[in-house]
Amino acid sequence: MTSSHPARTASRRGAVLAALGLVVTAAATVGTAGPAAAHDATTDAYARATAGAGAGVHVELDLEYDLLMKSAWLTAEAYDARGEAAQEAQLAEHADEVAAYVTERFQVAAGEELCAPALAGDPTVGDRGGTPYATVVLDYACPAGDEGGTHTLFSALFPDAESFVHTTETMVTYDLDGEEGSAVLSPADPTVTTGGQGAWHRLGEFFVLGAEHLLLGPDHLLFLLALIVGSRRLRDVVLVATSFTVAHSVTFLLAATGAVSAPGAVVEPVIALSIAVVAAGHLWAVRPGAPPRLDMLVDVATEPRQQVWRRWHDLSRPDVVRLAVVFGFGLVHGLGFAGALGLDDPWSWGLLGSLLVFNVGIEAVQLGIIAVLFPLLALLRRRAPRAARWVTAAVAGGVAVVGLVWFVQRVLGLG
């Protein structure tokens with residue numbers, strides 16, 4: 001009667017746990033992917049508040065047209081209208097109903113007293129990331145108060161109770177009471193008071209918003225998962241993550257400040273295609289008959305330090321091509337991040353601070369995911385190289401299929 005060697009048993013157990021961890025994580029990510037777009041179940045509203053006539057407040061609200069018309073319980077003819085002219089005609093015809101819906105859910109107070117809203121002209125229609133948005137302009141008449149008073153902005157637009165969408169967030173920028181700032185209003189924190197919340201509180205909101213966008217955005221999560229399973233060593237994952245970070249940070253800041261722009265109808269399909277391409281790149285590298293690469297055969301733990309240092313700096317042609325592809329697609333993902341944030345206000349130091357903190361939130365989640373998954377992958381490759389090859393190929397294959405499905409759906413406008 002024989003028994004397994006304890007070290008060998010522990011090695012197998014570690015490999016099995018690592019494989020299960022990778023598969024469960026991939027399945028969870030794909031399972032939460034849902035429809036073709038990362039934000040189909042929710043929406044974002046946008047508000048710009050400035051000092052109005054006298055003691056009043058001038059507010060411009062950008063709201064998703066279809067959702068606004070459905071939420072106001074208008075006729076199918078209203079929310080099925082297509083084209084800016086037809087949509088603006090419906091908004092003009094139903095201006096009173098639209099104003100009643102919006103002003104009940106977006107309120108302004110001066111001190112402790114509510115300001116009286118009035119519609120300032122017919123709503124118009126514009127484009128945000130390929131989606132028609134209605135711009136509703138309101139003038140709030142506020143009671144005259146002492147100088148140095150404060151205003152409170154409250155948003156409960158498109159609440160969960162209406163069941164059309166959930167977890168709506170309102171991106172607010174304001175220039176009131178001698179203070180410029182921005183805030184994210186959510187069901188959990190629906191108000192912002194000028195002069196009543198410090199800069200650190202507002203920046204914290206944007207950090208959380210950035211973290212949520214990556215964590216709850218399955219398209220960006222799948223892209224990151226494809227990068228991780230295709231990385232063989234710590235150097236690989238560091239380089240591709242850095243390449244992706246630099247690229248998406250550049251276009252995110254440029255797009256969010258209005259320096260560059262691209263329609264969502266182009267950005268979203270390319271993001272889906274990037275997922276499929278990066279995942280397919282790993283499948284090509286591990287295909288049957290593919291020539292083995294030196295860096296997949298060398299045991300780093302036993303390699304001389306000088307050799308490890310050399311291999312860290314020496315990049316092969318496949319490495320360079322992969323970095324270039326990741327950088328190129330990272331530029332497109334940055335446009336997607338900016339489209340999700342949706343700020344298009346004039347450049348200011350306050351806006352730049354909010355954008356940088358939003359991006360830091362994205363990076364914090366990205367690094368956290370890498371810190372959890374890559375050690376599992378490294379353990380699996382060390383303990384069971386053959387199993388690692390099959391597990392990573394299966395994960396990459398699933399990710400590639402999802403990316404292709406999304407690409408087709410987004411090109412055809414489905415989902």
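Reckoned from all heavy atoms, side chains included, excluding hydrogens, waters and symmetry mates. On a predicted model such as this, the values are computed, not experimentally measured, just so you know.
In terms of heavy-atom proximity, Q90 sits nearest to Y65 at CB-OH, 3.5 Å. Smallest separation of non-hydrogen atoms from I271 and H220: CD1-CE1, 4.1 Å.
D160 places a side-chain N or O within 3.5 Å of a backbone atom of T167 that can act as its donor or acceptor partner. Counting only distance, with no hydrogens or angles, the side chain of S243 and the backbone of V240 share no donor-acceptor pair below 3.5 Å.
Of the listed residues (T170, T168, T191), just one forms a side chain to side chain donor-acceptor pair (under 3.5 Å) with S155, and that residue is T170.
Under the 30°/60° scheme for interplanar angles, the aromatic rings of F223 and F329 are found to stand perpendicular. Relative ring orientation between H333 and F244 is described as perpendicular, the plane-to-plane angle rising above 60° on a 0-90° scale split at 30° and 60°.
Between R48 and D175 there is no salt bridge, since no side-chain N of the basic residue sits under 4.0 Å from a carboxylate O of the acidic one. Of the charged side-chain nitrogens involved, none lies within less than 4.0 Å of a carboxylate oxygen, so that D80 and K70 do not count as a salt-bridged pair.
Proximity of L224 to I370: side-chain heavy atoms (C-beta onward) are separated by under 4.5 Å at one or more points. Residues L412 and V408 have side chains in contact (heavy-atom distance under 4.5 Å, counting atoms from C-beta outward). Inter-residue side-chain proximity for F158 and L68 is flagged as met; some heavy-atom pair is nearer than 4.5 Å. Taking the side chain as every heavy atom from C-beta outward, E363 and H248 approach each other to under 4.5 Å. Between L377 and T392, some side-chain heavy-atom pair lies under the 4.5 Å cut-off.
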